[in-house]
Amino acid sequence: MNENDLDRRIADALERVGQALRVQLWDAAKEQSLTPTQLQVLLRLATDPPRLRRVGALAEQLDVTHPTISDAVGALRRKGLVDRETESRRSPLILTIEGREVAGALAGWQDRTIDQLSELPSEDKEVTLRTLLSLIAGLQREGAITVARMCSTCRFFERDAHPGETPHHCGLLDIPLADADLRVDCPEHQPAA
Ligand code: SF4
């Protein structure tokens, strides 16, 4: 098999995994009578800092339009799952108590995929994670992914800062990081210059 065939097969495999994840997302959303976008907004609001809990930032993070997020937030507010921190329209969005409960119930939406991954050897998974992080960074450089909150594109990331098995360092959290610890979607991420 030449290199080009291998690349194409990997892309095909990623497409199948992406489809399986989309089905899991749709199923989890349907169980809670939500749309997939509403589900993603709830999960973001459960973990993101205040600066990212705004319609514009959510649209950017989820790679959809501003009106799409406005509609989703409007529906979530009508369901009593989301509110604003204060009366001001500029105030960050927050989950209500009921919203936190629903977000907690949704947190395991990827579990079917994670269960399958748990069966695979750790060494294979570490190589896979490194490969996928490089692929995501490349797609972001090409403009195919607008936001990727990964360690490798973060201003706080110090690659190979330490000897041994945890060679990297997060300057914000002040913790060493092994390759397997590298984050793919960190809420504290700030883009490197
Ligand atoms: S802030 Fe998050 S993305 Fe940035 S280096 Fe630390 S763990 Fe990684």
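Residue numbers start at 1 and run along the sequence shown. Every number for a ligand or one of its atoms is a count from 1 in the order of the listing. Remember, predicted model here, so these are calculated numbers, not experimental data.
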Is D27 paired with R112 through a side-chain N to carboxylate O contact shorter than 4.0 Å?
yes
Check this for me, if you would: do D48 and R53 make a salt bridge, where the nitrogen-to-carboxylate-oxygen distance has to be below 4.0 angstrom?
no
Residues that, via side-chain heavy atoms closer than 4.5 angstrom, fall in one hydrophobic cluster with L42:
V17, L21, L25, L34, L39, V41, L43, L45, V55, L58, L62, V64, I69, V73, L76, L81, V82, L93, L95, V102, L106, W109
Taking the six-membered ring for Trp, are H169 and H162 parallel (under 30°), tilted (30 to 60°) or perpendicular (over 60°)?
perpendicular
Protein N/O/S atoms closer than 2.8 Å to atom 8 (Fe) of ligand 1
C151 SG
If only side-chain N and O atoms count, and only distance matters, is there a donor-acceptor pair under 3.5 Å linking R149 with Q190?
no
Distance-only side-chain donor-acceptor flag, T65 / T68, under 3.5 Å
yes
